[in-house]
Amino acid sequence: MMRRFALPTFFVLLSLIAISLALPSDTELLSHTFEKRNDCQCSFAIADFNSGSVKGVVTFSQDETGCTEVAGIFSRGFNDTHASYGFQIVDECGRELFDLSSGLNITPDGCGGTNAFRHKFNINIDCNSNGFLTKVLHNDKRNCHSNNKLRKRLPNGAITTQNGQSSGYAGLTK
């Protein structure tokens with residue numbers, strides 16, 4: 001009779017040991033095991049380059065963790081195949097907030113446009129105050145406009161660069 005329970009008892013003890021080793025040893029981590037880990041809502045934004053010399057579209061897709069997938073393609077404005085191209089998020093005054101150039105690696109296709117590009121960044125769209133749409137370098141509504149009138153702050157935008165110089169602009173819309 002004792003032998004009949006020895007094998008199941010052994011497996012139960014082995015399972016309990018394996019489970020206890022798999023759980024975190026820090027009591028604070030253990031207390032938060034079943035809480036929601038993702039603090040961001042899924043968001044989507046777009047930069048539509050539809051006026052001026054640069055034509056194309058860039059999309060921004062934020063997941064629950066606050067990471068953002070940036071993908072896009074341009075059909076015009078990238079004629080110089082030897083130039084260095086970049087992509088930046090800027091505030092309403094044109095000041096750089098985020099430089100996404102190295103991650104996106106925008107390359108001309110030889111026909112005036114670009115090859116499709118995509119990269120996942122550890123930067124959010126609107127999850128906190130440091131997002132593409134929410135980051136602010138200034139709070140003064142008069143600091144970069146010549147008419148010096150109070151007005152509502154404009155949304156952040158996106159620019160393409162060619163050899164470090166701005167070559168195209170599009171507003172960011174959600």
* Describe, in one word, how the ring planes of Phe98 and Phe132 are oriented to each other, choosing from parallel (under 30°), tilted (30 to 60°) and perpendicular (over 60°). =>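 Plane angle over 60°, so perpendicular.
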* According to the interplanar angle, ranging from 0 to 90°, do the rings of Phe121 and His119 count as parallel (below 30°), tilted (30 to 60°) or perpendicular (above 60°)? ->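 Perpendicular: the ring planes of Phe121 and His119 meet at over 60°.
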Hey, does the side chain of [X] reach the backbone of [Y] with a donor-acceptor pair shorter than 3.5 angstrom?
X	Y	answer
Arg76	Gly52	yes
Ser101	Phe87	yes
Asp109	Asn115	no
Glu96	Gln88	no
Ser75	Gly56	no

Between [Y] and [X], is there a side-chain heavy-atom distance shorter than 4.5 Å?
X	Y	value
Thr114	Ile73	yes
Tyr85	Pro108	yes
Lys174	Ser43	yes
Asn163	Thr161	no
Ile46	Leu172	no

* Could you go step by step and tell me if Asp80 and Gln162 meet the side-chain contact (heavy atoms from CB on, under 4.5 Å) rule? -> CA-CA 9 Å; Asp80 187 352; Gln162 179 178 348; 3.7 Å; yes
* Is any NZ, NE, NH1 or NH2 atom of the basic residue among Asp63 and Lys120 found under 4.0 Å from an Asp or Glu carboxylate oxygen of the other? ->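 Result for this pair is yes, salt bridge flagged.
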From [atom1] ([X]) to [atom2] ([Y]), nearest 0.5 Å:
X	Y	atom1	atom2	result
Gln62	Cys127	CD	SG	5.5 Å
Asn128	Cys40	CG	SG	6.5 Å
Cys67	Ile125	SG	CD1	11.0 Å
Phe78	Ser53	CZ	OG	8.5 Å
Asp126	Lys135	CG	NZ	15.5 Å

* **Step-by-step side-chain contact (heavy atoms from CB on, under 4.5 Å) determination, Phe74 to Val58** => CA-CA 8 Å; Phe74 291 96; Val58 179; 3.7 Å; yes
* Val90, Thr134, Leu97 screened by side-chain contact (heavy atoms from CB on, under 4.5 Å) with Asn156, the one that passes ->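 Looking at Val90, Thr134, Leu97, the match for Asn156 under the side-chain contact (heavy atoms from CB on, under 4.5 Å) is Leu97.
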* Answer yes or no: are there more than 12 heavy-atom neighbours, outside Asn50 itself, under 6.0 Å from its atom CG? =>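 Counting other residues, nucleotides and ligands, CG of Asn50 exceeds 12 neighbours.
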* Would the number of heavy atoms belonging to other residues, nucleotides or ligands and lying under 6.0 Å from CD of Glu69 be above 12? ->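 Atom CD in Glu69 is packed in, count exceeds 12.
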* To do: Dump the intermediate steps for side-chain contact (heavy atoms from CB on, under 4.5 Å) on Cys42 and Glu64, then the final yes or no.
  => CA-CA 6 Å; Cys42 293; Glu64 301 91 1; 3.5 Å; yes
* Side-chain H-bond candidate by donor/acceptor type, Thr160 with Ser167, under 3.5 Å ->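 Side-chain D/A pair, Thr160 to Ser167: present.
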* To do: Carefully, step by step, assess Phe60 and Ile89 under the rule side-chain contact (heavy atoms from CB on, under 4.5 Å).
  => CA-CA 11 Å; Phe60 305 84; Ile89 304 299; 3.9 Å; yes
* Asked: Given the rule that I, L, V, M, F, W and Y join up when any side-chain heavy atoms are under 4.5 Å apart, are Val54 and Phe117 in one cluster?
  ->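 Val54 clusters together with Phe117.
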